[in-house]
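Working notes for the structure below.
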Amino acid sequence: MNADKVLRIENLSHSYGKFKVIEDISLGIDKGELSALIGPNGAGKTTFYNAISGKFPPTRGRVFLNGEDITGLPSHRVVGKGMCRSFQITNIFSELTVIENVLTPLAIQQRKHYKLYGNLFRDSQVTEKAMFTLEQVGLADRAKHVVSSLAYGDKRLVEMAIVLARDPSVVLLDEPTAGMNPEETENMINLIRLLAKNSGTTFFITEHDMKVVFSLSEKIYVLHQGLLLAQGTPEEIRSNVHVQEAYLGRKVNAQG
Ligand SMILES: Nc1ncnc2c1ncn2[C@@H]1O[C@H](COP(=O)(O)OP(=O)(O)OP(=O)(O)O)[C@@H](O)[C@H]1O
């Protein structure tokens with residue numbers, strides 16, 4: 001497998017006790033690639049994500065980020081190495097403003113400790129970076145708004161900004177459009193596309209909405225019963241007989 005992949009997984013397996021959940025998964029993702037991991041309920045997607053992002057070490061196998069072995073590192077160290085994960089559950093401080101939410105991880109990253117946000121705001125380098133990130137996700141005009149006052153789709157954008165502020169090379173997105181209305185979904189798809197193109201960030205998403213998966217992804221990986229059943233372009237996956245069977249005979253297409 002090509003060593004210059006931004007994210008390389010080799011023979012990854014995980015078991016809960018004697019119960020094997022994922023087995024011998026190997027894949028490699030190119031820089032800037034937009035890819036998705038799909039699979040029926042219980043296929044092992046969350047376990048795979050957890051095992052590569054430091055929630056727990058995999059039972060077997062290796063994870064390489066930009067060529068460095070990060071297998072088994074705890075999540076905060078994986079983040080420090082450049083792979084960030086955005087959760088389906090909104091993971092933000094609702095009573096703080098949008099910019100305060102983005103400033104916090106930046107301050108931690110730069111090992112700057114502030115007793116009050118007032119001090120943080122006086123650090124122009126950090127606030128400029130936070131504002132730049134908010135511009136990227138289209139929230140600059142709401143920087144001073146309290147997060148709880150925002151629409152659901154905008155809260156998910158705050159979450160995205162928190163992740164992007166750290167300049168990750170790889171972003172793992174859990175269900176980026178879950179709970180969004182069609183307009184918010186369309187905006188999120190366009191934003192991810194734009195970010196991948198302009199900043200070279202590599203996005204690896206899990207998503208149940210096949211319409212989103214097929215319109216966004218350049219490459220799709222299919223998990224079934226813990227095994228990597230198929231990988232390929234949306235066209236290749238759509239026409240793969242094994243994938244269609246795994247989805248109980250349904251056609252896997254943009255209509256879901
Ligand atoms: N902590 C755990 N202990 C034991 N079994 C678990 C644990 N977490 C998940 N499992 C089992 O592992 C299998 C894979 O679960 P996982 O959550 O990884 O699948 P998934 O593809 O993310 O599913 P979904 O699409 O429904 O979220 C399931 O059978 C689940 O019941």
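Because only heavy atoms are used, hydrogens play no part in the values below, and waters and symmetry mates are left out as well, while side chains stay in. This one's a predicted model, so the numbers in the text were calculated from it and none came from an experiment. Whatever order the structure lists them in is the order used to number ligands and atoms, beginning at 1. This chain uses plain numbering: 1 for the first residue, then up along the sequence.
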For this session: Would you please say whether a donor-acceptor pair under 3.5 Å links the side chains of Thr206 and Asp174?
Result: yes
Problem set entry | Distance (rounded to the nearest 0.5 Å) between Gln231 CD and Leu223 CG | 11.0 Å
Exercise. When rounded to the nearest 0.5 angstrom, what distance separates CZ in Phe48 from CZ in Phe204?
Worked result: 5.0 Å
Exercise. Under a 4.0 Å heavy-atom limit, does Val21 contact ligand 1 with its side chain, its backbone, both, or neither?
Worked result: side chain
Seminar exercise, completed: Quick look: Phe48 vs ligand 1, heavy-atom contacts under 4.0 Å, and the answer is neither
Residues 131-139, side-chain donor-acceptor partners within the protein, below 3.5 Å, at least two apart:
residue, atom, partner, partner atom, Å
Thr133, OG1, Lys129, O, 2.8

List the closest protein heavy-atom neighbour of [atom]: residue, atom name, distance to the nearest 0.1 Å.
{"atom": "atom 16 (P) of ligand 1", "value": "Thr47 OG1, 3.8 Å"}
{"atom": "atom 11 (C) of ligand 1", "value": "Phe19 CE2, 3.7 Å"}
{"atom": "atom 22 (O) of ligand 1", "value": "Thr46 OG1, 2.6 Å"}
{"atom": "atom 9 (C) of ligand 1", "value": "Tyr16 CE1, 3.5 Å"}

Exercise. Under a heavy-atom criterion of less than 4.0 Å, does Gly39 contact ligand 1?
Worked result: no
Exercise. Would you find a donor on one side and an acceptor on the other, under 3.5 Å apart, between the side chain of Ser26 and the backbone of Asn11?
Worked result: yes
Exercise. Are the side chain of Asp30 and the backbone N or O of Glu33 linked by a donor-acceptor pair below 3.5 Å?
Worked result: no
Exercise. Counting from 1, what ligand 1 atoms have a heavy atom of His208 closer than 4.0 Å?
Worked result: 25 (O)
Exercise. For ligand 1, which atoms, with element, lie under 4.0 Å from some heavy atom of Lys45?
Worked result: 18 (O), 19 (O), 20 (P), 21 (O), 22 (O), 23 (O), 24 (P), 25 (O)
Problem set entry | Per atom 23 (O) of ligand 1, closest listed option by heavy atom (Ala51, Gly42, Pro40, Gly44) | Gly42
For this session: Identify, with sequence neighbours excluded, every residue that meets side-chain contact (heavy atoms from CB on, under 4.5 Å) alongside Ser169.
Result: Val6, Leu65, Asn66
Problem set entry | Validation row: Arg238, Met210 side chains within 4.5 angstrom (heavy atoms) | no
Exercise. So, for atom 30 (C) of ligand 1, does the protein have a heavy atom nearer than 4.0 Å?
Worked result: no
Exercise. Looking at atom 19 (O) of ligand 1, would you say a protein heavy atom lies below 4.0 Å from it?
Worked result: yes
